[in-house]
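All values below were derived from every heavy atom in this structure, side-chain atoms included, with hydrogens, water molecules and symmetry-related copies excluded. Just so we're on the same page: letters track the sequence lines, and every chain starts at 1.
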There are 4 protein chains.
Amino acid sequence: MASSAQRAGGADKRRMILDAAVVAFATRGFHACRVSDIADQANVAYGLVYHYFRSKDEVLDTLFLERWNVLLEVIAEIDGHPLPAREKLHAIASFIIDSYRHDPDLMKVIIVEVTRAANSFGRTHLAKIREAYELIADIVGKAQADGSFRSEVTPTFAALAFYGAIEQVLTGWIFDTLPQGEAEFDQAKAFIVETICGGLDANRPSTRPV
Amino acid sequence: MASSAQRAGGADKRRMILDAAVVAFATRGFHACRVSDIADQANVAYGLVYHYFRSKDEVLDTLFLERWNVLLEVIAEIDGHPLPAREKLHAIASFIIDSYRHDPDLMKVIIVEVTRAANSFGRTHLAKIREAYELIADIVGKAQADGSFRSEVTPTFAALAFYGAIEQVLTGWIFDTLPQGEAEFDQAKAFIVETICGGLDANRPSTRPV
Amino acid sequence: MASSAQRAGGADKRRMILDAAVVAFATRGFHACRVSDIADQANVAYGLVYHYFRSKDEVLDTLFLERWNVLLEVIAEIDGHPLPAREKLHAIASFIIDSYRHDPDLMKVIIVEVTRAANSFGRTHLAKIREAYELIADIVGKAQADGSFRSEVTPTFAALAFYGAIEQVLTGWIFDTLPQGEAEFDQAKAFIVETICGGLDANRPSTRPV
Amino acid sequence: MASSAQRAGGADKRRMILDAAVVAFATRGFHACRVSDIADQANVAYGLVYHYFRSKDEVLDTLFLERWNVLLEVIAEIDGHPLPAREKLHAIASFIIDSYRHDPDLMKVIIVEVTRAANSFGRTHLAKIREAYELIADIVGKAQADGSFRSEVTPTFAALAFYGAIEQVLTGWIFDTLPQGEAEFDQAKAFIVETICGGLDANRPSTRPV
DNA sequence: GATGAATGAGGCTTCATTCAT
DNA sequence: TATGAATGAAGCCTCATTCAT
């Protein structure tokens with residue numbers, strides 16, 4: 001599990017500050033984290049943060065956008081492959097969960113401080129966050145169109161449920177209310193997909209014609 | 001849709017302050033909301049807030065606990081009825097969504113400032129929040145035991161997925177990324193249950209024997 | 001050692017409040033002591049304090065003046081007796097030290113919050129406090145006039161030194177930097193008088209004629 | 001008489017703040033003095049006080065310790081010289097009184113807000129304050145051992161009486177109940193020593209053998 | 001007399017941000 | 001680039017006091 005700080009290859013101070021911010025934000029939370037905490041973590045003077053970023057907010061914005069854009073690209077790329085929808089969803093869940101596995105601090109910051117903090121940063125990035133929902137909804141919609149998914153539920157709701165399940169699981173790991181580890185990570189991917197795609201009912205009511 | 005402020009029947013200043021806080025927190029967010037905003041909204045003097053509550057935090061704590069305890073009781077009560085698990089889940093989703101329908105500000109505050117704000121108040125109330133998950137997991141577990149639910153997924157994961165889906169939908173309404181209205185509320189209840197219980201797959205893989 | 005609270009004979013609420021204030025002020029200090037602390041200690045509602053006293057200040061003023069006036073009377077009375085100056089000083093030191101012995105909380109409040117707090121209450125009562133110095137100075141002055149005390153030092157200075165010594169000793173007891181007990185109390189009286197009257201020098205330089 | 005503010009030679013803002021605090025504390029008293037008063041007096045921004053000091057308290061602590069440590073060193077140094085005890089006491093009284101002469105505001109703050117304010121700052125610095133008493137008591141004790149001082153009184157009491165006399169005199173100057181001026185300063189030194197060492201009695205009772 | 005709800009002024013402290021060097 | 005001294009707005013909370021009952 002590579003720590004955020006280790007990602008800084010050389011003397012790129014901007015990168016060092018970003019990586020330090022991940023640790024600082026994850027440790028103290030964005031609000032409680034002072035700019036000087038970031039600078040201390042990065043071993044630079046705190047004025048330097050303002051050399052590279054307009055504000056403390058911009059540091060978090062940058063962190064979020066860097067990662068979220070990767071997520072969007074990955075989802076799009078997954079969707080480009082000729083896979084069954086269920087496998088596409090599994091691939092998406094895998095990517096997100098593996099992101100947490102590889103850099104839990106960064107995912108903690110993104111989820112806790114942005115994605116789930118709709119009143120502060122989430123507000124700013126609402127549109128960006130929705131893009132992910134919509135890409136997922138697209139996958140569902142196309143699967144419904146080709147008959148591999150049932151049409152009982154709108155793609156939008158299906159996407160919300162899918163993403164909501166992932167976020168709840170990540171939150172459980174982040175705040176240690178759910179056991180985590182290699183086995184749990186892979187199990188979670190399977191369970192989330194199984195719940196959303198397979199459903200809980202033992203005897204499913206016959207599918208209504210749409 | 002009854003606003004929080006209107007609920008105060010008489011001259012109970014404590015209640016008035018709590019109701020005013022709902023409006024104030026919902027409007028500006030907990031952090032951005034000053035104690036004087038609450039007092040102004042309640043039409044009482046600044047200091048009176050501190051006569052009834054030790055701190056601004058305690059106001060939110062009180063608001064959350066009042067409502068969350070009702071939720072816990074309702075879930076327990078629902079579970080007490082001899083209903084199919086699917087209907088129990090529908091009843092729970094109904095209660096939560098109707099809570100939003102009847103007092104959107106209060107639910108907004110609880111979800112945005114507590115339930116989804118794991119870094120601040122959520123942390124404090126983590127145990128309380130988990131109680132709800134566990135009650136839901138119990139329902140799932142018992143349904144798996146009696147064969148009405150499949151056992152592909154652990155009750156814990158099922159509960160997370162179920163609650164996660166509800167929370168995402170509420171968040172969508174709260175931040176206006178999802179259309180809301182009477183029809184949408186009832187539809188959402190059905191969709192959430194259908195997604196979690198029915199699953200998305202048109203042709204479900206045969207259930208593994210437990 | 002009679003505690004302040006026990007002095008309240010009957011249901012005299014005013015007296016109960018004053019006695020409670022002694023305990024409260026002694027325990028928390030005047031500034032840190034809230035009006036409600038006094039009321040709690042007296043087992044009355046705190047509004048009642050304002051029925052009997054105009055302000056929190058007036059409570060302390062009352063406490064101080066009650067006792068200080070007794071001191072002034074006692075000094076005057078002692079001075080009225082046909083005693084050697086040295087014995088008069090011993091009687092004064094005795095009265096003050098016994099006051100502490102009988103009600104340490106009250107003396108603590110008077111010394112810590114008034115007499116030694118020249119920037120707050122001492123300022124208000126400066127004139128009253130000086131009266132004591134002047135009565136003592138009078139005793140010294142008369143003794144110098146009749147030849148029983150030397151005239152090397154002005155009566156004013158002698159009085160300051162005498163009272164200053166007493167206050168330092170009381171302060172030592174109050175803040176537990178000096179051992180206290182029955183033996184120490186009587187010893188202190190003797191030592192203070194011996195220091196001021198006898199002097200420390202083994203071989204005193206011959207007295208200069210005035 | 002150099003005012004505290006004038007002592008700041010250059011642009012050392014920390015020093016300027018400390019010197020300004022002396023003036024501000026002396027003028028309004030510690031409690032009534034706002035941090036902004038200090039900043040205004042120092043002509044710096046509000047927040048700079050917090051750049052150099054953790055709190056308003058720390059400003060006073062610093063002021064006290066700076067000066068009191070000098071006092072302790074001076075007493076120790078005086079005691080190091082081969083002087084008669086009486087002259088050592090005179091030197092100590094001289095140093096303290098001259099401290100007041102050279103910077104009355106600083107001494108006012110130290111005495112009124114720390115040394116005589118045993119309920120607030122004095123409490124914190126009790127041990128430090130006692131160190132001075134003990135150094136003085138040492139001088140007395142050694143003089144008693146070599147026979148130059150009588151042993152009627154314990155060194156501890158003698159030290160309390162000596163320091164108490166000085167403090168009373170300074171308090172008299174600080175609150176203008178005692179005339180002050182060059183002549184008075186020198187006279188006070190002599191009078192205090194004369195009172196404590198020479199004693200007031202014209203005919204001293206014969207010294208008891210120890 | 002007695003209660004305690006209601007009032008509201010006042011100040012310490014934090015910390016993001018700027019800027020001279 | 002890099003530093004960290006300097007700025008100052010903003011808000012929580014305390015608590016003496018008032019007053020209706």
When rounded to whole Å, the CE to P distance for the pair D:Met16 and F:dA5 reads 16 Å
How many angstroms lie between CD in D:Glu113 and CZ in D:Phe121, if you round to the nearest 0.5 Å?
8.5 Å
Just the rounded figure in Å: distance from P of F:dG4 to NZ of D:Lys13.
17 Å
Between D:Phe30 and A:Cys33, who's closer to the 5' end of DNA chain E by nearest nucleotide?
D:Phe30
Side chain to side chain contact (heavy atoms under 4.5 Å, CB included) test vs C:Leu60 passes for just one of C:Leu18, C:Val114, C:Leu65, C:Thr124, namely C:Val114
5′-ward residue of the pair B:Arg14/D:His31 relative to DNA chain E:
B:Arg14
Rounded distance (Å) that lies between atom P of E:dG8 and atom CD1 of B:Ile38:
17 Å
C:Arg34 has an atom CZ; how far is it from atom C1' of F:dT17, in whole Å?
15 Å
Taking C-beta and beyond as the side chain, do D:Arg34 and D:Asp37 meet within less than 4.5 Å on heavy atoms?
yes
Decide whether a cation-pi geometry holds between D:Lys56 and D:Phe30; the criteria are a distance under 6.0 Å from NZ or CZ to the six-membered ring centre and an angle within 45° of the ring axis.
yes
Got a sec? Which of residues 43-58 of chain C come in under 4.0 Å of DNA chain F, heavy atoms?
C:Tyr46, C:Tyr50, C:Ser55, C:Lys56
Keeping the roles fixed (side chain from A:Arg116, backbone from B:Thr115), state whether a donor-acceptor pair exists under 3.5 Å.
yes
Regarding A:His125 and A:Asp61, do their side chains bring together a donor and an acceptor under 3.5 Å, going by distance alone?
yes
For the residue pair B:Asn69 and B:Lys128, confirm or rule out a side-chain donor-acceptor distance under 3.5 Å.
yes
State, with a plain yes or no, whether a side-chain heavy atom of B:Val35 is found less than 4.5 Å away from one of B:Tyr50.
yes
Quick one: the dot-bracket string of DNA chain F, using Watson-Crick and G-U wobble pairs with both distances under 3.5 Å, [ ] for crossing pairs and | for bases paired to another strand.
.||||||||||||||||||||
How long is the line joining CZ of A:Arg28 and C1' of E:dC15, in whole Å?
12 Å
